[in-house]
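Comments concern the structure below.
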Amino acid sequence: MPALLTPGIARGGSAIEGPAPPPKSTEAPRASAPQDVSQGAGEASPAGPAGDVSQETGEKPALVDYDQPTARPPAEAATPVRVPERIETVAIGVGLGPSAPGSLEELALVDALEATARASTLPKAEVRRLRAGAGDPRQICRERRDDLIVTIDYFPDREDPVVATYDCLLDRALGVRSSSAAREPGLVKVLWDEHRELVRRGVEERRAGLGINPKVRTGLIAGGAILAIGTAVALIVASALRTETAVITVGP
């Protein structure tokens, strides 16, 4: 039976080199963090103070300042409220100009012009149809019923009818346009923008005077005429009924 070999001793008396034992650490063992004795068996220890390394992930937990209020998300910007544009109302008189004889073509243009003006929404338009032979636009403006007078008329340098506009508020004529403008939906807006542009340039509007309705004016004239006639008749009757006394003197 072979003899048992002592480790590190060769059979022939020579030493056998084996793996060297691991070196012993000279550092003192680190003291483990004290555990909370109040915890029961099987419960995980709470997170340590700031700076401790998590045993599961190896990362430091985020610092939480409980004294500061929780940050709130920024409030959404208020949606700006759109202020609607002030809607103006323009009084417009439409009809035939002094130079237009009133053919079927011209009357059709006046109808189209009236429909276009009534369909305007910005600004709104109060439209009235001028009677035939109403006269010159400037004369019509003296009635103080209209802001604009738009007519189908003729000019010496043009053969075809045109759309002529007279601004009663500024007492001046505006631009002349071709007859096709009578059917343009934005005609009233263009005309009123031209009026406002002149106002911005310093053109003053006429002073608002005492506007008398034509019917009222006719009534006043008729009343004055009746009063004058009545006064004249009364004087004639009084003169006829007056008692006259004749004195006859007889001499010697």
Side-chain angles (χ1 to χ4, degrees), residues 87-199 203-229:
I87 300 178
E88 299 174 293
T89 302
V90 184
I92 301 178
V94 298
L96 293 173
S99 302
S103 63
L104 294 178
E105 178 186 0
E106 296 162 359
L107 293 176
L109 289 174
V110 174
D111 293 340
L113 183 61
E114 181 179 0
T116 299
R118 293 186 184 278
S120 177
T121 57
L122 194 65
K124 292 184 177 180
E126 293 181 356
V127 186
R128 73 181 184 104
R129 185 76 171 255
L130 302 175
R131 68 182 186 277
D136 185 79
R138 188 172 186 179
Q139 181 180 357
I140 300 174
C141 288
R142 293 176 183 173
E143 300 178 2
R144 298 183 180 275
R145 298 179 57 183
D146 309 293
D147 299 326
L148 301 176
I149 300 296
V150 187
T151 58
I152 301 298
D153 208 350
Y154 289 89
F155 281 81
D157 57 342
R158 298 194 179 189
E159 297 181 358
D160 298 329
V162 297
V163 176
T165 306
Y166 195 88
D167 194 327
C168 296
L169 299 178
L170 303 180
D171 195 18
R172 65 168 55 192
L174 301 182
V176 178
R177 292 164 175 83
S178 64
S179 58
S180 60
R183 296 181 173 86
E184 291 294 335
L187 176 62
V188 176
K189 184 178 185 305
V190 172
L191 295 177
W192 196 240
D193 287 345
E194 188 174 348
H195 162 84
R196 291 191 291 188
E197 179 62 25
L198 291 173
V199 173
V203 180
E204 296 182 359
E205 296 185 358
R206 70 182 183 188
R207 294 183 179 179
L210 179 60
I212 301 178
N213 190 289
K215 294 182 179 180
V216 176
R217 184 171 59 249
T218 302
L220 293 176
I221 294 174
I226 292 173
L227 180 61
I229 295 174

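Annotation: the span from Glu106 atom CD to Thr151 atom OG1 amounts to 11.0 Å, rounded to 0.5 Å. With rounding to the nearest 0.5 angstrom, the CZ atom of Arg196 is 6.5 Å from the NZ atom of Lys189. Taking CG of Leu148 as the reference point, atom CG of Leu187 lies at 9.5 Å (rounded to 0.5 Å). In this structure, NE2 on His195 lies 11.0 Å from SG on Cys168, to the nearest 0.5 angstrom. The distance from atom CG of Asp167 to atom CD of Glu194, rounded to the nearest 0.5 Å, is 8.5 Å. Rounding to the nearest 0.5 Å places CH2 of Trp192 at 12.0 Å from OG1 of Thr165.
In this structure, Asp136 does not pair ionically with Arg142, as no charged nitrogen and carboxylate oxygen lie closer than 4.0 Å.
Shown here is Arg138, whose CZ atom has no more than 12 heavy atoms of other residues, nucleotides or ligands within 6.0 Å.
With Thr116 contributing its side chain and Ala182 its backbone, the two residues share a donor-acceptor pair below 3.5 Å. Judged by distance alone, the side chain of Glu197 and the main-chain N or O of Asp193 form no donor-acceptor pair under 3.5 Å. Judged by distance alone, the side chain of Arg118 and the main-chain N or O of Val127 form a donor-acceptor pair under 3.5 Å.
Checking Tyr166 against Asp171 by side-chain atom types alone, a donor-acceptor pair falls below 3.5 Å.
For the residue pair Ala117 and Ala125, the shortest heavy atom distance occurs at O-CB, 3.3 Å. In terms of heavy-atom proximity, Ile149 sits nearest to Cys141 at CG1-SG, 3.8 Å. Shortest non-hydrogen contact noted between Asp146 and Gly93 is OD1-N, 3.7 Å. Across Pro101 and Tyr154, no two heavy atoms sit closer than the pair CD-CE1, 4.1 Å. Nearest heavy-atom pair across Ala91 and Arg145 is CB-O, 3.6 Å. Here the closest heavy-atom approach between residue Val163 and residue Ser178 is recorded as CG2-O, 3.5 Å.
Here the side chains of Val176 and Asp153 are not in contact, with every heavy-atom distance at 4.5 Å or above.
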(request) Please lay out, stage by stage, how Ile152 and Ser179 fare under the test side-chain contact (heavy atoms from CB on, under 4.5 Å). (result) CA-CA 8 Å; Ile152 301 298; Ser179 58; 5.7 Å; no
(request) Start with the C-alpha gap between Arg183 and Leu109, add the side-chain angles, then the distance that decides, and say whether side-chain contact (heavy atoms from CB on, under 4.5 Å) holds. (result) CA-CA 8 Å; Arg183 296 181 173 86; Leu109 289 174; 3.6 Å; yes
(request) Would you check, one step at a time, whether the test side-chain contact (heavy atoms from CB on, under 4.5 Å) holds for Val190 with Arg177? (result) CA-CA 11 Å; Val190 172; Arg177 292 164 175 83; 3.6 Å; yes
(request) For Leu170 and Glu205, run side-chain contact (heavy atoms from CB on, under 4.5 Å): C-alpha distance rounded to whole Å, both residues' side-chain angles, the deciding distance at 0.1 Å, then the answer. (result) CA-CA 5 Å; Leu170 303 180; Glu205 296 185 358; 3.6 Å; yes
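The residue from Val188, Leu113, Asp147 that alone fulfils the side-chain contact (heavy atoms from CB on, under 4.5 Å) condition with Ile92 is Val188.
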